[in-house]
Amino acid sequence: ALRLQHPNVQLILKSLTPPEQQAALSHGEIDVAFTRPPLHIKTIRSEVILTETLRVFIREDHALAALSGISPADLNHAAHVSTDPSYSGALRQVTDEYLARHEVKVGEVQISSNILTSMNLVAGGFGFALLPAYAETFSPRNVVSRPVLGTAPTIDLIMAHAKDEHGVTPALSTLLELVRNTVRSAD
């Protein structure tokens with residue numbers, strides 16, 4: 001639909017960390033970002049488009065893999081692959097707050113800078129990771145995910161774009177509306 005309405009628009013996808021996305025938005029290098037809060041730049045407008053539930057990702061031969069769901073107590077003293085807060089947006093904060101709220105003490109064995117590295121560390125048997133459910137789509141064959149029992153932690157995915165005193169371009173406006181409609185229809 002975007003190409004039909006705006007055939008001269010070039011769509012380029014880039015993989016950037018949340019801080020890199022914010023910098024690129026503020027410098028006009030990208031028009032829109034799908035990222036995690038928090039946003040630290042006042043010239044960026046954002047909206048939550050999806051709230052994702054975190055799941056426990058573990059290697060299939062891990063003792064916890066035999067469970068259909070994992071309670072916070074099950075994670076106590078388990079080896080944990082955590083995320084670097086400077087790269088993961090709010091994921092590290094959400095995970096830390098969840099573990100602290102349930103008084104879970106984990107052994108942090110590795111800090112990962114991205115979700116693919118986290119998956120590879122889990123696949124290598126280094127420990128468990130709490131990650132958004134969408135990560136199941138690209139998890140290695142020897143990694144399984146289990147739901148968190150009780151109230152599972154969640155994390156927002158936001159769509160962000162630079163505030164512009166002249167408004168957004170027609171093409172960006174179309175893209176933003178397409179994303180909103182797609183998310184609404186998925187509910």
Side-chain angles (χ1 to χ4, degrees), residues 1-3 5-55 57 80-100 108-123 126-127 129-140 152-184 186:
L2 180 66
R3 290 222 186 263
Q5 294 179 35
H6 305 281
N8 295 327
V9 169
Q10 185 179 24
L11 185 64
I12 300 171
L13 302 177
K14 294 183 176 187
S15 180
L16 303 170
T17 65
E20 291 169 336
Q21 289 175 323
Q22 290 182 47
L25 280 170
S26 68
H27 294 110
E29 297 166 5
I30 62 175
D31 295 313
V32 66
F34 298 92
T35 189
R36 306 283 180 196
L39 295 177
H40 300 291
I41 301 171
K42 293 184 184 338
T43 58
I44 297 175
R45 178 176 294 144
S46 69
E47 61 190 271
V48 175
I49 58 168
L50 185 65
T51 299
E52 299 176 279
T53 301
L54 298 189
R55 293 178 62 92
F57 287 80
H80 179 223
V81 174
S82 63
T83 57
D84 185 329
S86 61
Y87 291 99
S88 64
L91 182 58
R92 175 63 179 260
Q93 179 183 348
V94 167
T95 300
D96 286 352
E97 287 172 0
Y98 173 77
L99 296 172
E108 185 175 83
V109 293
Q110 188 70 38
I111 299 173
S112 168
S113 63
N114 65 65
I115 203 161
L116 292 174
T117 301
S118 294
M119 282 294 194
N120 287 326
L121 290 166
V122 170
F126 287 90
L130 278 167
L131 300 171
Y134 84 89
E136 288 177 313
T137 59
F138 54 82
S139 65
T154 60
I155 189 166
D156 291 334
L157 178 67
I158 59 175
M159 179 170 61
H161 59 88
K163 291 180 185 175
D164 185 351
E165 63 226 25
H166 306 293
V168 298
T169 65
L172 180 56
S173 181
T174 299
L175 176 64
L176 297 175
E177 197 54 38
L178 284 169
V179 171
R180 290 179 191 119
N181 289 338
T182 300
V183 169
R184 276 193 291 267

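The analysis underlying the following values was restricted to heavy atoms, covering all of them including side chains, and did not include hydrogens, waters or symmetry mates.
- When every heavy atom of S26 is checked against every heavy atom of A23, the shortest pair comes out as OG-O, 2.9 Å.
- Residue V48 is tested with I158, V183, L157 for a side-chain contact (heavy atoms from CB on, under 4.5 Å); the sole match is I158.
- Heavy-atom minimum distance, A123 versus P140: CB-CG, 3.9 Å.
- When all heavy atoms are compared, the tightest approach of L25 to H161 is CD2-CA, 3.9 Å.
- Here the side chains of R36 and E52 are in contact, with some heavy-atom distance below 4.5 Å.
- Under a 3.5 Å cut-off, the side chain of Q21 and the backbone N or O of F34 do form a donor-acceptor pair.
- Between T117 and N114, the shortest heavy-atom contact is N-OD1, 2.8 Å.
- Of the residues S88, S82, S118, the one that meets the side-chain contact (heavy atoms from CB on, under 4.5 Å) test with S112 is S118.
- At a threshold of 4.5 Å between non-hydrogen side-chain atoms, the residues Q22 and I44 count as touching.
- Taking each heavy atom of F57 and A135 in turn, the nearest pair found is CZ-CB, 3.7 Å.
- Between R180 and E47 a salt bridge is recorded (basic side-chain N to carboxylate O distance below 4.0 Å).
- By the 4.5 Å heavy-atom criterion applied to side chains, F138 and I115 are counted as neighbours.
- Side-chain contact between Y87 and R92: absent, with no pair of heavy atoms (C-beta onward) separated by less than 4.5 Å.
- Considering all non-hydrogen atoms of both residues, I155 and P132 come closest at CG2-CG, 4.2 Å.
- To the nearest 0.5 Å, atom CG of residue L16 and atom OG1 of residue T35 are 9.0 Å apart.
- Distance CE/M159 to CG/L175: 7.0 Å, rounded to 0.5 Å.
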Verdict with supporting geometry, V109 and L121, side chain to side chain contact (heavy atoms under 4.5 Å, CB included): CA-CA 10 Å; V109 293; L121 290 166; over 6 Å; no

Candidate pair L131 and M119, rule side chain to side chain contact (heavy atoms under 4.5 Å, CB included), full reasoning: CA-CA 9 Å; L131 300 171; M119 282 294 194; 4.2 Å; yes

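- You'll find the side chain of L130 stays beyond 4.5 Å of the side chain of V94, heavy atoms only.
- Remark: T174 pairs with L2, Q5, H6, L178 by the side chain to side chain contact (heavy atoms under 4.5 Å, CB included) rule, at least two apart or across chains.
- Although no hydrogens or angles enter the test, the distance criterion places a donor-acceptor pair under 3.5 Å between the side chain of R3 and the main chain of V9.
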